[in-house]
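Written below as structure tokens is the structure these notes are about.
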Amino acid sequence: MPELPEVETIARGLARRVTGDVIESVWLGKKPEPLKSSAREIAAAVESTRVVSVRRIGKHIVFELQRHTQKPRQAQFIVHLGMTGRLQVCHAQAEISKHTHAILKLASGRELRFIDPRRFGRLSVARRGDFDTVGIEPLEIDVDRFIPLFRGRKTPIKSALLNQKLLRGVGNIYADESLFRAGIRPRRRASTIRHDQYVKLLAAIKEVLKEAIALGGSSISDYVDDNGDEGFFQLQHRVYGREGEPCLFCKTPIRRIVIAGRSSHYCPTCQK
DNA sequence: ACTATTTCCTGGATGC
DNA sequence: TGCATCCAGGAAATAG
């Protein structure tokens, strides 16, 4: 399930492989779900453009495109991988795998393909290159802006961390891992968390995200990067997916509860 | 203005 | 072996 570190890893890999290439044409599947913009709009925005760069914004992968007409025109192709989405760069002759919803033909003879069995992923374009999303990048925020995002909320801190309108990019795994490192239970109401605990929490979030990026993300179920390589951060998980296993610090069995329909893992001894 | 719950979607795991 | 059921979860939609 791609969260910030996985999306960052994928975006970097894609940048390395497709920057400078030209998108000649687009094929879009019949299933409409993965298209946030209309098929016509997507085709019009991306066909005959050069990929200038690829970057991550929250959990989105953003392709910066430039059209070379008399006047250079900016546009963006935006991909959200959802749960099971993948972007594959391969030769045009490579077999088309099941659940392929979009194919971008590149001038280099390769193709950029979007594959997503569960169809939770989304494709869209910003024709003026002005894609933006609410929420602040967790790796860029400072503590003075971080705390007011959460302080006034009665919702469990875990739910608040998953709210992309506040911080963008943190998902279920990294929320659990950050809360464990900060010693805060996922059900704690955001409004009851002390200032010093928020300082710890922000430090934990940044630490976890940076470590995960360095290891290429976490491979759970079917996550692989654009090269088909798995990440290694799952080996560093201290609570996520460890229900019943002993806490690495105090040996108390890790507990799993459901918050807002999401499984949440924590140590009942180390987290208050 | 918030918060909580439901919905979408399929493959893999589990149970009988 | 086969069939039904459950579960994973990001984000939008809906309800309160």
Side-chain angles (χ1 to χ4, degrees), chain A residues 1-11 28-38 56-62 78-87 97-102 114-124 131-138 147-179 186-193 205 209 212 217-224 230-231 233-234 237 239-244 254-266:
Chain A
M1 43 224 72
E3 302 178 29
L4 188 151
E6 291 77 34
V7 178
E8 179 70 31
T9 302
I10 292 164
L28 297 167
K30 288 175 189 65
K31 300 270 187 175
E33 291 93 342
L35 304 186
K36 223 175 150 181
S37 311
S38 73
R56 176 194 61 76
I57 297 181
K59 294 176 192 171
H60 301 266
I61 297 166
V62 180
I78 302 132
V79 179
H80 192 299
L81 298 171
M83 283 283 293
T84 53
R86 283 193 299 130
L87 282 167
S97 45
K98 209 176 161 185
H99 306 299
T100 299
H101 304 297
F114 175 66
I115 303 153
D116 186 9
R118 230 125 113 197
R119 287 188 269 150
F120 272 21
R122 288 293 177 268
L123 306 179
S124 61
F131 171 77
D132 202 5
T133 175
V134 287
I136 306 176
E137 286 290 332
I147 294 174
L149 289 179
F150 300 100
R151 263 257 156 110
R153 293 170 187 274
K154 289 206 257 325
T155 194
I157 185 64
K158 169 72 183 281
S159 301
L161 288 175
L162 294 180
N163 184 347
Q164 302 297 299
K165 295 189 168 83
L166 306 176
L167 281 190
R168 62 189 190 203
V170 176
N172 207 37
I173 296 173
Y174 298 103
D176 280 6
E177 292 298 319
S178 301
L179 287 168
R187 261 216 247 273
R188 272 284 293 281
R189 302 275 150 187
S191 55
T192 70
I193 296 173
I205 290 169
L209 294 176
S218 302
S219 285
I220 298 283
S221 68
D222 43 16
Y223 165 73
V224 286
E230 297 189 350
F233 191 72
Q234 68 280 9
H237 292 176
V239 286
Y240 185 85
R242 296 192 64 242
E243 182 185 12
I254 297 301
R255 202 168 284 173
R256 187 183 82 93
I257 57 176
V258 174
I259 300 172
R262 299 289 165 265
S263 59
S264 304
H265 311 73
Y266 71 100

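Chain letters run A, B, ... following the sequence lines, proteins first, then strands; residues in each count from 1.
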When you check the phosphate oxygens OP1 and OP2 of dA11(C), does a side-chain N or O of Lys59(A) lie under 4.0 Å from one of them?
->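 Checking Lys59(A) against dA11(C): at least one side-chain N or O falls below 4.0 Å of OP1 or OP2.
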Presence of Ser263(A) side-chain N/O under 4.0 Å of dC7(C) phosphate oxygens OP1/OP2 =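 Result: no.
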What is the distance, to the nearest angstrom, from the [atom1] atom on [X] to the [atom2] atom on [N]?
| X | N | atom1 | atom2 | result |
| --- | --- | --- | --- | --- |
| Arg153(A) | dA4(B) | CZ | P | 11 Å |
| Leu4(A) | dA11(C) | CG | P | 11 Å |
| Leu161(A) | dA11(C) | CG | C1' | 16 Å |
| Asp116(A) | dA11(C) | CG | P | 13 Å |
| Lys165(A) | dA4(B) | NZ | P | 15 Å |
| Lys154(A) | dG16(C) | NZ | C1' | 14 Å |
| Asn172(A) | dC7(C) | CG | C1' | 13 Å |
| His265(A) | dC7(C) | NE2 | P | 13 Å |

Is it true that a side-chain atom of [X] and a backbone atom of [Y] form a donor plus acceptor pair closer than 3.5 Å?
| X | Y | value |
| --- | --- | --- |
| Glu243(A) | His265(A) | no |
| Gln164(A) | Gly169(A) | yes |
| Ser264(A) | Pro186(A) | no |
| Arg189(A) | Lys154(A) | yes |
| Arg256(A) | Val258(A) | no |
| His101(A) | Asp116(A) | yes |

In short, salt bridge (Lys or Arg N to Asp or Glu O under 4.0 Å) pairs touching residues 158-170 of chain A with sequence neighbours left out are Glu137(A)-Arg168(A), Lys158(A)-Asp176(A)
Compare every heavy atom of Glu177(A) with every heavy atom of Val239(A), then report the nearest pair and how far apart it is.
->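 That would be N-OE2, 3.1 Å.
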Mind checking if [X] touches a base, just sugar-phosphate, or nothing, with heavy atoms under 4.0 Å?
| X | result |
| --- | --- |
| Arg122(A) | nothing |
| Arg189(A) | sugar-phosphate |
| Ser159(A) | nothing |

Looking at five pairs on each end of the helix from dC2(B)-dG16(C) to dC16(B)-dG2(C), what is the angle between the two axes, given to 10 degrees?
->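 End-to-end axis angle for the helix from dC2(B)-dG16(C) to dC16(B)-dG2(C): 50°, rounded to 10°.
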Give me the ring orientation class for His237(A) and Tyr174(A): parallel if the planes are under 30° apart, tilted from 30 to 60°, perpendicular past 60°.
->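 Perpendicular, since the angle between the ring planes exceeds 60°.
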Under 4.0 Å protein heavy-atom contact, by nucleotide of nucleotides 5-11 of chain B - B base, S sugar-phosphate only = ---BBBS
Thr155(A) side chain: which of dT3(B), dA4(B), dA12(C) is closest?
-> dA4(B)
